[in-house]
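Working notes for the structure below.
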Amino acid sequence: MSDKATLEINGQKNEFAIIKGTENELAIDISSLRSASGGAITLDPGYKNTGSCESGITFLDGEKGILRYRGYSIEELAEKADFLEVAYALIFGNLPNAEQLHKFHSDIKTHSVVDDDVKKILDAFPKAAHPMGVLSSLTSALTAFNPSSVNVDSEEDMYNSVVRILGKFPILVAWTMRKKKGLPLYYGDSSLGYVENVLKMMFKQPHEEKYIQNPILVNALDKLLILHADHEQNCSTSTVRIVGSSHAGLFASLSAGISALWGPLHGGANQAVLEMLEAIKEDGGDTKKYMAKAKDKSDPFRLMGFGHRVYKNFDPRAKIIKVAADEVLGDLGIQDPILDIAKGLEQEALKDDYFVKRKLYPNVDFYSGIIYRAMGIPTEMFTVMFALGRLPGWIAQWREMRLRKEPIGRPRQLYIGETERSFIPIKKR
């Protein structure tokens, strides 16, 4: 195979290098296209065929159902690692040894205090405010209480900024939910593990002397956070990188990523699943009726939580989290018509030829929504939990982008507006 690609424009041939990644992916380097071709650009709405960067963080092969963080398979990480180990690997490149992990967790706990003035900002939000809007605002507000810019050439500065946000972000998540539920704010327990502390901060009731951890819920949340930790150059991750490319700080870049994640086509998908299940319940709960509607191309109904725009075969994360979902529902023994409808849709889809042939299996959003509901997390908080899991991935991508000294993001456009025209003054009365 040639190591060059040839593009002919108006009779002029231009050659561009073909670059091969470590997993044999191919990319045509068109960085010199405009200068070489007299101003021509490529047009790729949604950037579906455009690589915005070179990255060593996450490898994803949607055709084969492969997802790896730093070379480690998602299946092995979900089985053997905990969330902090995965966070460390994503951010710093390798899984930590025991000493590194202990220091990492200890340093995170050291930075787990949020300035009291942040509480005042939280208090200013109405109770009806969407948690993602609250979280994005509070994350951006952290900049005001940590005004010094990060020296990206200093390993110490970079490390301190990482542990600082990993320490404070779970508190913002928990406070956001407690505000929603009308509970007093709580800082948590520094003697607990990272995920255990998240659960305690979210769910401890004022009257409880001791919060009892459920190991099945801890395990399920740990796995969910791992599965959501990174997913290559998706909408929110690309947002973090392009905002960071202007040399905006880490907190501001993360706030932008949270806002991008908010949308129902991205992180809001698991919330959309529960809203769909609620609608089916209100209409009588007939799963067969809605499976038929999903197959009817003339029907506007859309089955949320099935299939994936990247994974064309199966979502490897869904296989992992389905087991955790079954464990959570089995352990809690919850009687909930919404969860019954979810299991009914799952069973119908797994045996229906229409869905099987099209590989429209339940995805990670479907199962994560079920788990979060069973745990007692409000539907509006689902995307916030997604953000908590995605945090180390965003940090890793921001850090990589800055260390590689990538240029500021500046996409081009193809102008389709009016050509030059004259201004005609209106006749004033």
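Heavy atoms only: backbone and side chains are in, while hydrogens, waters and symmetry mates are out. This one's a predicted model, so the numbers in the text were calculated from it and none came from an experiment. In this chain, residues are counted from 1 in sequence order.
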Check: Would you say E155 has more than 12 foreign heavy atoms packed within less than 6.0 Å of its CD?
Finding: no
Next item on the list: Kindly say whether S55 contributes a backbone atom to a donor-acceptor pair with the side chain of R404 at under 3.5 angstrom?
Entry: no
Margin query: Tell me whether the count of non-hydrogen atoms from other residues, nucleotides or ligands lying under 6.0 Å of CD1 in I28 goes above 12.
Written below: no
Checklist line | Ionic contact status for D107 with K103, cut-off 4.0 Å | finding: yes
Notebook entry, point to check: Just by distance, with hydrogens left out, do D189 and N197 show a side-chain donor and acceptor under 3.5 Å apart?
Noted result: no
Next item on the list: Verify the distance criterion only: is there a donor paired with an acceptor across the side chains of D365 and S368 at less than 3.5 Å?
Entry: no
Margin query: So, applying side chain to side chain contact (heavy atoms under 4.5 Å, CB included) with M158, which one of N151, I395, L403 is it?
Written below: L403
Note to self: If the condition is side chain to side chain donor-acceptor pair (under 3.5 Å), which residues does K288 pass it with, not counting sequence neighbours?
What the structure shows: E348
Note to self: Strictly distance-based, threshold 3.5 Å: is any side-chain N or O of K168 a donor or acceptor partner for the main-chain N or O of V113?
What the structure shows: yes
Notebook entry, point to check: Do R358's NZ or CZ and the ring of Y354 fall within the cation-pi criteria of under 6.0 Å and 45°?
Noted result: yes
Checklist line | Enclosure of E156 CD (heavy-atom neighbours >12, cutoff 6.0 Å) | finding: no
Note to self: If you count heavy atoms of other groups shown closer than 6.0 angstrom to OH of Y47, is the number above 12?
What the structure shows: no
Next item on the list: Decide, yes or no, whether a salt bridge links E75 with K319 under the criterion of side-chain N to carboxylate O below 4.0 Å.
Entry: no
Item checked: Distance-only donor-acceptor check, side chains D283 and Y290, under 3.5 Å -> yes
Next item on the list: Output yes when a side-chain donor or acceptor of S136 lies under 3.5 Å from a complementary backbone atom of G133, and no otherwise.
Entry: no
Margin query: Please determine whether a side-chain nitrogen of the Lys or Arg among R68 and E76 lies less than 4.0 Å from a carboxylate oxygen of the Asp or Glu.
Written below: no
Item checked: Atom NZ of K119: over 12 foreign heavy atoms under 6.0 Å -> yes
Checklist line | Residue pair S236 / W394, side-chain donor-acceptor N/O under 3.5 Å | finding: yes
Check: Among L332, I371, D331, whose side chain to side chain contact (heavy atoms under 4.5 Å, CB included) with L217 holds?
Finding: L332
Check: Quick one: does NZ or CZ of K204 land under 6.0 Å from the six-membered ring centre of Y186, within 45 degrees of the ring axis?
Finding: yes
